Structure formats: structure tokens, C-alpha cells
Amino acid sequence: MRSFIKKQTENLSGGAAASSALLVGRLMVGLAFMALALGQIKYYSEFRDAMVFVSIPFAGTYCAVSLGLNFAGSVLFVLGFYARVGAALLFLSVLPMLAGLVFSSANSLCLAACLAVAGGLIPYAVFGGGEYGLKDVSFFRKKSAGHGRKIHPAERRHRSL
């Protein structure tokens with residue numbers, strides 16, 4: 001199983017087209033969550049009332065935790081700095097709402113949208129956000145001993161061939 005995940009990760013980060021697609025997807029999803037977080041700040045009481053309306057348990061607590069998860073996760077996810085952690089935080093922010101919608105008689109369109117968003121975040125949480133991101137800026141890279149720079153996994157593959 002571990003070799004399968006490693007192979008899939010190599011396939012995802014293998015080319016410029018794949019990395020560009022991951023970047024565009026990361027920006028689209030992350031900016032949507034960032035807009036949601038800013039809307040939650042601006043219209044906090046209305047957001048809490050909407051959560052009560054769709055029968056989300058502990059709506060006040062959920063709103064506060066969701067705001068923190070959405071904001072922190074979207075910043076990490078959009079910047080590509082610990083994109084896996086950002087995707088996991090965003091996934092966690094969707095789970096309580098998803099659970100509340102499954103067990104309520106709320107709109108099935110809301111349930112479908114939450115399922116789609118949660119499902120779209122899983123590959124990012126498992127495989128990462130691609131090669132383009134803040135983690136690739138040399139300031140954030142660790143220097144490897146002896147070489148003066150960190151060797152990228154793609155370079156390591158080519159050197160071993």
C-alpha cells in the first residue's frame with residue numbers, strides 16, 4: 001500500500017501540467033474557503049442562525065471552531081505551505097456540517113455540495129498540493145549537509161538512474 005501511495009504521489013508531481021492543475025485546483029478551493037471565513041467573520045450571527053436552522057448540533061461552538069479551521073486551513077492551502085495540513089483542516093471544518101446534514105431533513109443539494117467539497121479535499125490531504133507553493137521558496141527549504149541546498153525528490157530519482 002505504501003509503495004502505491006508513493007507511486008501516485010510521484011505521478012501527481014511528475015510534470016508541469018500536473019503541478020499547474022493542482023495549483024489551480026488548490027487556489028479555487030482555498031479561495032472559496034477563505035471567502036467563507038471572511039463571510040463568517042462579517043456575518044457571524046447570521047451564520048450561527050443558519051446552522052441552527054439546518055439542525056447542526058452545538059451551532060455556536062461549531063461556528064467558532066469552523067471559523068478558525070476555515071481561516072487557518074485556507075491560508076495554508078492557498079499558499080501551499082503545509083498544503084496537506086491545510087486540506088486536512090478544511091476537511092475537518094466540513095465534517096460536522098456534513099454529519100448534521102446527513103441526520104437532518106435539510107436540503108439534499110446542501111448535502112451533495114458538502115460531499116463534493118469533502119471528497120475533493122481528500123486527494124490534497126493525502127498527496128499534497130503539488131510542486132508550486134510557498135514550501136518551494138528557498139527561504140523555507142532546509143539546507144542539506146554537504147551540498148548547500150536541498151535536493152528535490154525528482155532530482156534524486158534522476159541521479160539514481
Side-chain angles (χ1 to χ4, degrees), residues 1-2 5-6 8-14 16-104 106-142 150 152-153:
M1 182 68 172
R2 188 169 236 183
I5 291 175
K6 184 177 179 184
Q8 295 303 318
T9 305
E10 290 173 1
N11 289 342
L12 283 175
S13 62
S19 291
S20 298
L22 287 170
L23 173 67
V24 169
R26 200 176 73 222
L27 288 175
M28 291 173 71
V29 172
L31 290 174
F33 273 99
M34 195 173 287
L36 176 66
L38 294 174
Q40 284 175 329
I41 292 170
K42 188 173 182 180
Y43 302 106
Y44 185 78
S45 62
E46 289 87 353
F47 178 67
R48 188 187 65 240
D49 294 342
M51 294 299 109
V52 169
F53 180 74
V54 293
S55 305
I56 302 293
F58 307 108
T61 305
Y62 169 73
C63 288
V65 171
S66 173
L67 174 61
L69 290 173
N70 283 336
F71 192 74
S74 63
V75 168
L76 291 174
F77 195 61
V78 165
L79 294 178
F81 188 67
Y82 292 104
R84 287 182 179 170
V85 174
L89 290 175
L90 294 176
F91 182 79
L92 288 175
S93 76
V94 174
L95 281 183
M97 187 172 185
L98 190 59
L101 290 171
V102 166
F103 297 115
S104 74
N107 189 352
S108 63
L109 185 61
C110 253
L111 177 63
C114 281
L115 280 173
V117 169
L121 287 169
I122 291 172
Y124 284 104
V126 173
F127 299 118
E131 293 185 15
Y132 300 132
L134 202 57
K135 70 176 182 343
D136 292 327
V137 176
S138 62
F139 177 76
F140 293 106
R141 286 186 179 179
K142 292 182 182 176
K150 184 177 178 182
H152 193 272

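Please read these numbers as outputs of a predicted model, since none were measured by experiment.
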Fill in the blank from the handout: Between S74 and L90 the two heavy atoms that sit nearest each other are N-CD2, 3.7 Å

Exercise for the section: Check whether any side-chain N or O of R84 sits under 3.5 Å from a backbone N or O of G129 as a donor-acceptor pair, and report yes or no. Expected result: no

Completion exercise
Taking every heavy atom of A59 against every heavy atom of V52, the minimum-distance pair comes out as CB-CG2, 3.5 Å

Fill in the blank from the handout: Contacts of V65 meeting side-chain contact (heavy atoms from CB on, under 4.5 Å) (sequence neighbours excluded), chain-then-number -> T61, L69

Handout entry: ring pair (Phe, Tyr, Trp, His ring centres under 6.0 Å) involving F33 - partner list, sequence neighbours excluded
Key = none

Exercise for the section: Give a yes or no answer on whether the side chain of Y132 reaches the backbone of L22 with a donor-acceptor pair at less than 3.5 Å. Expected result: no

Problem - side chain to side chain contact (heavy atoms under 4.5 Å, CB included) evaluation trace for F91 with I122 - result: CA-CA 8 Å; F91 182 79; I122 291 172; 3.8 Å; yes

Exercise for the section: Work out which heavy atom in A88 is nearest to a heavy atom in A125; give both atom names and the distance. Expected result: N-CB, 4.2 Å

Problem - Within 6.0 Å of OH in Y44, more than 12 heavy atoms from elsewhere - result: yes

Handout entry: side chain to side chain donor-acceptor pair (under 3.5 Å) contacts touching residues 23-41 (sequence neighbours left out)
Key = Q40-S66, Q40-N70

Practice task
Output the distance between atom CG (L36) and atom CG (L31), rounded to the nearest 0.5 Å.
Solution key: 12.5 Å

Exercise for the section: Using the side chain to side chain contact (heavy atoms under 4.5 Å, CB included) rule, take V75 and F81 through it: C-alpha gap first, then chi angles, then the decisive distance, then the call. Expected result: CA-CA 8 Å; V75 168; F81 188 67; over 6 Å; no

Completion exercise
Residues at least two apart in sequence or cross-chain that pass side-chain contact (heavy atoms from CB on, under 4.5 Å) with V24, listed by chain then number, are M28

Completion exercise
Closest heavy-atom pair, C63 versus R48, reported as atoms and distance to 0.1 Å, is SG-CA, 3.5 Å

Practice task
Search all heavy atoms of L121 against all heavy atoms of A87 and return the closest pair with its distance.
Solution key: O-CB, 4.0 Å

Handout entry: Non-neighbouring partners of F53 that pass side-chain contact (heavy atoms from CB on, under 4.5 Å), sequence neighbours left out
Key = none

Exercise for the section: Kindly say whether S93 contributes a backbone atom to a donor-acceptor pair with the side chain of Y62 at under 3.5 angstrom? Expected result: yes

Practice task
Might you confirm whether atom CZ of F71 has over 12 heavy atoms from other residues, nucleotides or ligands at distances under 6.0 Å?
Solution key: no

